[in-house]
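These numbers were taken from a predicted model, which means no experiment stands behind them. Quick note on labels: first sequence line is chain A, next is B, and so on, each numbered from 1.
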There are 2 protein chains.
Amino acid sequence: MLRVSKLTDYATVVMTCLVDGAGEVLSAQVLAERARLELPTVSKLLKQLAHAGLVLSTRGINGGYRLARDPAQITVADIVVAMEGPIGMTECSTRSGSCDHESHCGVRVNWQRINSAIADALASVTLAEMTKPAARRTGSIPVRVAVA
Amino acid sequence: MLRVSKLTDYATVVMTCLVDGAGEVLSAQVLAERARLELPTVSKLLKQLAHAGLVLSTRGINGGYRLARDPAQITVADIVVAMEGPIGMTECSTRSGSCDHESHCGVRVNWQRINSAIADALASVTLAEMTKPAARRTGSIPVRVAVA
DNA sequence: GCAAACAGTACAATTTTGGTCCTGTTTAGG
DNA sequence: CCTAAACAGGACCAAAATTGTACTGTTTGC
Ligand code: FES
Ligand code: FES
């Protein structure tokens, strides 16, 4: 179905909660409440985001998480990559050597182009923009698919 | 990893083989050979493509498959949809009612925007273009992600 | 020292995917 | 009319990924 995992979806939600928190350090607990998700789930996903350097964690009592960068400097692509690893539309065209047919596969290079176009599209939407659900400003970012 | 399934990848390969076949009716057998894939796999995927109306099948001896439309009129999006169903980046934002948090989810609408941008990107690459691996013409199709 | 809170890992249940196989049905040709 | 090639439609199973949870540390403020 060409989708990102549910956890990735939740990650964007939690990240927007952090944006709303305006730089405050929020515990996984309160983030779970605000996002209306289960604590273990939120906890898991925050660990991954922290590992990817998208959020900073503070340990100990009164600890919690906060954004590592300005919301305008964090893109949806960053979140997707943090949660799912490198963006690659096809298993073949990314991991070199994983497919027996690489040598005689005509679609490989074109999939790679499509791939980077989609990566660009995801990278063109910032977390700051994700938090403005109802806004009317329709800034549009041109993305180009260079076809063979 | 944000990827299409292997079967979808294979489908594009088989479709390009059909393009190379220049309108000839090719059996699943010969397509499997040309694509260097297993017959049962190719057979399965051709059934799905036929069901979606992307290829036409002829039964009986000397039967086989051929493209239903001109290669320039078939897009990568068509193939992806045929193999994986409607394109939806997040499970939530597509199937309405599947998520408990729809009412208070701020990212939903933005995911839908990203979603349609990606669908457009996939729809902007035709099967005809997929068959030209080494060509230098870099026609670029502008895709716009309308952000909130 | 204690309790709150993150870190890291492990785990089972479920779902999806990948791949195969089998039983029809259609059709050209002998 | 009879056979063999070839598609149609499922059924099926094994492997992998996803989902969600749990447990055991470690850090830190009070
Ligand atoms: S590289 Fe694997 S099928 Fe094209
Ligand atoms: S609609 Fe399900 S989390 Fe946003």
In whole angstrom, give the distance that lies between atom [atom1] of [X] and atom [atom2] of [N].
X	N	atom1	atom2	answer
B/Leu37	C/dG19	CG	P	9 Å
B/Leu46	C/dT20	CG	C1'	16 Å
B/Glu33	D/dA5	CD	P	14 Å
B/Arg3	C/dT16	CZ	P	14 Å
A/Gln48	C/dA7	CD	P	12 Å
B/Leu45	D/dG9	CG	P	15 Å
B/Asp9	C/dG18	CG	P	10 Å
A/Tyr65	C/dA4	OH	P	17 Å

Would you please name every residue forming a side-chain contact (heavy atoms from CB on, under 4.5 Å) with [X], sequence neighbours left out?
X	result
A/Ser43	A/Lys47
A/Thr8	A/Val4, A/Ser5, A/Val80, A/Met83, A/Glu84
B/Ala68	B/Leu56
A/Val19	A/Leu67, A/Pro71, A/Leu127, A/Thr131

Strand contacts (DNA chain D) in residues 17-29 of chain A, 4.0 angstrom heavy-atom criterion: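 None - not one residue of the stretch has a heavy atom sitting under 4.0 Å from the strand.
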
Tell me whether the OP1 or OP2 atom of D/dA6 has a side-chain N or O from B/Ser43 closer than 4.0 Å.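 For D/dA6, neither OP1 nor OP2 has a side-chain N or O of B/Ser43 closer than 4.0 Å.
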
Quick one: is A/Tyr10 getting a side-chain N or O under 4.0 Å of the D/dT18 phosphate, OP1 or OP2?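 Result: no.
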
For A/Arg36, all residues meeting side chain to side chain donor-acceptor pair (under 3.5 Å), sequence neighbours excluded: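 Result, side chain to side chain donor-acceptor pair (under 3.5 Å) vs A/Arg36: none returned.
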
Would you please name every residue forming a side chain to side chain donor-acceptor pair (under 3.5 Å) with A/Thr12, sequence neighbours left out?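 A/Thr12: side chain to side chain donor-acceptor pair (under 3.5 Å) contacts with B/Trp111.
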
With nearest nucleotide decided by heavy atoms, which residue, A/His51 or A/Gly63, maps closer to the 5′ end of DNA chain C?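 The 5'-side residue here is A/Gly63.
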
In chain order, what residues pass the salt bridge (charged side-chain N to carboxylate O under 4.0 Å, His left out) check against A/Arg3, with sequence neighbours excluded?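 Expected list: B/Glu91.
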
Identify, with sequence neighbours excluded, every residue that meets salt bridge (charged side-chain N to carboxylate O under 4.0 Å, His left out) alongside A/Arg69.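 A/Arg69: salt bridge (charged side-chain N to carboxylate O under 4.0 Å, His left out) contacts with A/Asp78.
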
What are the two closest heavy atoms between A/Leu31 and A/Cys17, and how far apart are they?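 Minimum heavy-atom separation between A/Leu31 and A/Cys17: CD2-CB, 3.9 Å.
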
Looking at every heavy atom in both A/Leu18 and A/Arg66, which two are closest together, and how far apart are they?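 The answer is CD2-CA, 4.2 Å.
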
Just compare D/dT18, C/dG19, D/dG20 and give me whichever is closest to any side-chain atom of A/Thr41.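 My answer, after comparing the listed nucleotides, is D/dG20.
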
Letter by letter from the 5' end, nucleotides 10-15 of chain C scores (B base, S sugar-phosphate only, - none; protein heavy atoms under 4.0 Å) ------

Heavy-atom contacts, protein to nucleotides 22-30 of chain D, under 4.0 Å, summarised as B (base), S (sugar-phosphate only) or - (none) per nt, yield ---BBBBS-

Once you apply a heavy-atom cut-off of 4.0 Å, does A/Leu7 come out as touching a base, just sugar-phosphate, or nothing?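 Result for A/Leu7 = sugar-phosphate.
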
Polar side-chain atom of B/Glu129 near backbone of B/Thr126 as donor-acceptor pair, under 3.5 Å: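 Pair found, side chain donor or acceptor close to backbone of B/Thr126.
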
Determine which pairs satisfy salt bridge (Lys or Arg N to Asp or Glu O under 4.0 Å) with at least one residue from residues 13-24 of chain A, sequence neighbours left out, and list them in order.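 Sorted pair list comes back empty.
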
